[in-house]
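Hydrogens, waters and symmetry mates play no part in the numbers below; they use all other heavy atoms, side chains included. Residue numbering restarts at 1 for every chain, and letters A, B, ... go by the order of the sequence lines.
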Amino acid sequence: MSEERKSLNFIEQIIEEDLVNGMSKNSLRFRFPPEPNGYLHIGHTKAIGISFGLGEYYDAPVNLRFDDTNPAKEEQEYVDAIKKDVAWLGYKWDKELFSSDYFQQLYDWAVYLIKEGKAYVDSQSSEAMAEQKGTPTQAGVDGPYRNRTIEENLDLFERMKAGEFDEGEHILRAKIDMQHVNMLMRDPIMYRVLKKHHHRTANDWCIYPMYDWTHGESDYIEQISHSLCSLEFKPHRELYDWFLDQVVDPSKLRPKQREFARLNLSYTIMSKRKLLKLVEDGIVNGWDDPRMPTISGLRRRGYTPNAIRKFVETVGVAKRENIIDVSLLEFCIREDLNKTAPRVMVVLNPVKVVITNYPEGKVEWMNAENNQEDESAGYRKVPFSRELFIEKEDFKEEAGNKFFRLKLGSEVRLKNAYIIKAESVVKDTDGNITEIHCTYSEDTERRIKGTLHWVSIAHAVKAEVREYDRLFSDEAPDSHQDKDFMDFINPNSLKTIQAYVEPSLEEAKTGDRFQFQRLGYFNVDDDSTSNQLVFNKTVGLRDAWAKVKPKNNQNSNQQKQPQQNNRSAIDQIKSYGKKYDRMPEDKQVKAKAEIQELAKKVNYDEVEPLFNTSVKKSGTRIITMITLGVLLNNGLEKNEAINEFITKALDDKNALLVEEAKALS
RNA sequence: UGGCCUAUGGUGUAACUGGCAACACGUUGGUUUUUGGUACCAAAGAGUCUAGGUUCGAGCCCUAGUAGGCCAACCA
């Protein structure tokens, strides 16, 4: 078996290493820990894909744990939505758990820490505490309550729990080090008083643990082997470990936190807070608006779990900041839908075609292949008649020969039907084309360049089609210090169209996905009813024609050549430099001749900066030497810089460079 | 005036103990095609942030710089 070794990402490497160092494969366990304070978005799919993917790969359990320690922001609605989304993506969690399940254990441990002198009750204002905390570049100072007695701390903490104090009066802090370089280690808060109703524990508690105190301990309770999170939690790792140190039983598994770079997608935002604002301000119609980068939005838009999982897999896992181009997401959904979506004919922007030699009243039901990528998809019948709709864009009275569509006097194939020839047009008083008169031919075997989709007017069904554009006009809308992401909202992100669809679509059900031939992929929206079909455009087809069109408008051909020649001689020489010393000898000779030719158009000021080229880049130094040789030949005087460059080259390790330098010295 | 993290084609991710910088998307050509889609073929595009060092040999190791990110919520 010549098995190609699959390259592992850094997390997989860590796990493999742990396995090699004696960790049992059975003790592998992961978790996905969302806070139920909003809907999951495409960014979360990366975290989900990593932890659940690892679970699938190692056949290890993965817990779905809701990190619900802040009742002010969390709701049952979000818990339900998150479960639905993770399940829809096709992942199976081992246990559904809640941090709130551990409130009692966490409380007991906190009492233990107090007794050990590792935690104390602070009774200052948050402002005073922030003051004492210092800054990243300046150490903090101890607060006045730091050395309360254990008895006093115990008493106060118990009374906090009993509800004797209002929010903000007292908090419990870990006693670590106010001078620590890591701000998080400067006596972090463990508990605060919050007199809020919790979606699970109701009013049982009025003190709630903070994230740092909760997270590692929860991982420990669940015996999570690898606790994976995004990079911004890196500084928390030290605290995570400190808290574990206080309670861990050495005979049990101790969880490890490791961090990866979160996913960013171009032209969108990933912050729950900002997504919430779009919902609240009515920019979109809810969390599942098809323009939203939420999982529910993508689902409604017509994305498939397969496509999203493929996307996450392709994106990879590493530790550097990234912005992934939406085109990759689009590629993934096209790739999936191309194989699975039935093809169908729909006209979005109609113009009437009359086939003058086709009998009035006659209807033929044509055989149409449902999906040429999938033989099992079968065939359906499509009605053909004398009067049809085609797309306005598919007809021009006159056009060049790159226009493969219908124009006066020439032919085009109607998909699944006949070949037609445009003979004349009928216009209204404003000069708009209202009808195109054609004749048809039944000989369909001929080779014809263009093929158009169409619908029979008499049989067409009206439907609403929603087309979406990106929500933001900027590639990274929330990365500008001077501008708010709301400044980049695209006001035209939704376009509603009345379309004409082939009659077979009357049976389409909510969620069904289709390829509207030559247009793109569409699915039936939730808003669809029995008498009004509503479609969402998931994504367009790749469109090579769209790219030629603009060029056509401004003189077709002469784009490329001049650009090549516009590059300055010195730039062309430099590009030889990149490869020169790696070229085979015969190519090198040719290249050298060309460089010498180009060098005639170069002046000294352009060459001098290249003298500083690093030693490594010997190719560039060689071509510089060749160019310099031509200049010297043409009467340039040697100066100090030139002499130094040549002298240094004479000592170089690269034989070619030495040779060229000798020629000049 | 600090600590930590990161730096490889346009984008993302690889490159096993140091040994010809690879894959995918995107781009550009071409072939096939009753979708200007798909599929297939090909090309262009990186001297691996900079400067040094170690080495027969550095993307990988060392030093110093530069750039970007994160860290001062009773959020997670």
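- On the P atoms, rU66(B) is 34 Å away from rC74(B), given to the nearest whole Å.
- Checked by distance alone, Gln138(A) brings no side-chain donor or acceptor within 3.5 Å of a matching partner on the base of rU1(B).
- Within 4.0 Å (heavy atoms only), Thr69(A) reaches sugar-phosphate atoms of the nucleic acid but no base atom.
- When heavy atoms are screened at a 4.0 angstrom cut-off, Met210(A) is found touching the sugar-phosphate backbone but no base atom.
- The phosphate of rU6(B) (OP1 or OP2) has a side-chain N or O of Lys319(A) nearer than 4.0 angstrom.
- In this structure, Phe331(A) forms no aromatic stack with the base of rG26(B), since the conditions of centre separation below 5.5 Å and plane angle below 30° are not both met.
- Nucleotides rU48(B) and rG18(B) have their C1' atoms positioned 15 Å apart, rounded to a whole Å.
- Phosphate proximity of rC75(B) to Arg192(A): present, with a side-chain N or O under 4.0 Å from OP1 or OP2.
- Taking atom C1' on both rU55(B) and rG19(B), the two are 12 Å apart, rounded to the nearest angstrom.
- Annotation for Lys195(A) and Asp166(A): closest pair NZ-OD1, 4.0 Å, computed over non-hydrogen atoms.
- When each of rA72(B), rA76(B), rU35(B) is scored by its nearest atom to the side-chain atoms of Leu541(A), the top-ranked nucleotide is rU35(B).
- The phosphate of rG36(B) has OP1 or OP2 within less than 4.0 Å of a side-chain N or O from Arg518(A).
- Listed pair Arg447(A) / rU33(B) meets the phosphate criterion, a side-chain N or O lying under 4.0 Å from OP1 or OP2.
- Judged by Watson-Crick or G-U wobble contacts below 3.5 Å, the nucleotide rU31(B) has rA39(B) as its partner.
- The nucleotide rU66(B) finds its pairing partner in rA7(B), both defining distances of the Watson-Crick or G-U wobble pair being shorter than 3.5 Å.
- With Phe311(A) as reference, Ile324(A) is the one residue of Asn306(A), Ile333(A), Ile324(A) to meet the side chain to side chain contact (heavy atoms under 4.5 Å, CB included) rule.
- Screening Arg173(A), Lys175(A), Arg146(A) against Asp187(A) for a side-chain hydrogen bond (donor to acceptor under 3.5 Å, both in side chains) leaves a single residue, Arg146(A).
- Of the C1' atoms belonging to rG53(B) and rC71(B), the separation is 33 Å, rounded to the nearest Å.
- Using a 4.0 Å heavy-atom distance criterion, Tyr208(A) is classed as making no nucleic acid contact.
- At a cut-off of 3.5 angstrom, counting only N and O atoms as typed in the model, there is no donor on one side facing an acceptor on the other between the side-chain of Arg542(A) and the base of rG36(B).
- The distance between the ring centers of Phe103(A) and Tyr208(A) falls below 6.0 angstrom.
- Atom CG of Leu329(A) and atom P of rA24(B) are 19 Å apart (whole Å).
- Between the P atoms of rA14(B) and rC23(B), the separation comes to 16 Å (whole Å).
- When heavy atoms are screened at a 4.0 angstrom cut-off, Leu328(A) is found touching the sugar-phosphate backbone but no base atom.
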Open item on the list: Asp101(A) vs Arg200(A), test: salt bridge (Lys or Arg N to Asp or Glu O under 4.0 Å). Steps then yes/no.
Closed with: CA-CA 9 Å; Asp101(A) 295 338; Arg200(A) 295 192 76 245; 2.9 Å; yes
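- With centres under 5.5 Å and a plane angle under 30° as the test, the ring of Tyr211(A) is not stacked against the base of rA76(B).
- Rounded to an integer number of Å, the gap from CD of Glu74(A) to C1' of rA76(B) is 8 Å.
- As rounded to the nearest Å, rG26(B) and rU11(B) have C1' atoms that lie 8 Å from one another.
- One finds no side-chain N or O of Thr135(A) lying less than 4.0 angstrom from the OP1 or OP2 phosphate oxygen of rU1(B).
- To the nearest whole angstrom, the two C1' atoms, one in rA46(B) and one in rA22(B), are 12 Å apart.
- With hydrogens and angles ignored, no donor-acceptor pair under 3.5 angstrom links the side chain of Arg334(A) to the base of rU38(B).
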- [ ] Test Ile419(A) against Tyr440(A) for side chain to side chain contact (heavy atoms under 4.5 Å, CB included), laying out the working first.
- [x] CA-CA 6 Å; Ile419(A) 290 169; Tyr440(A) 87 105; over 6 Å; no
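- When heavy atoms are screened at a 4.0 angstrom cut-off, Glu335(A) is found touching no nucleic acid atom at all.
- Here the two rings, on Phe516(A) and Tyr521(A), have centers that are 6.0 Å apart or farther.
- If you take atom P in rC20(B) and the same atom in rG59(B), they sit 10 Å apart, rounded to whole Å.
- In this structure, the NE2 atom of His198(A) is 10 Å from the P atom of rA76(B), given to the nearest Å.
- Put simply, the side chain of Glu321(A) and the base of rG12(B) share no donor and acceptor less than 3.5 Å apart.
- Put simply, CG on Leu8(A) is 13 Å from C1' on rU13(B), counting in whole angstrom units.
- Nucleotide rC56(B) is matched to rG19(B) when pairs are restricted to Watson-Crick or G-U wobble geometry with both distances under 3.5 angstrom.
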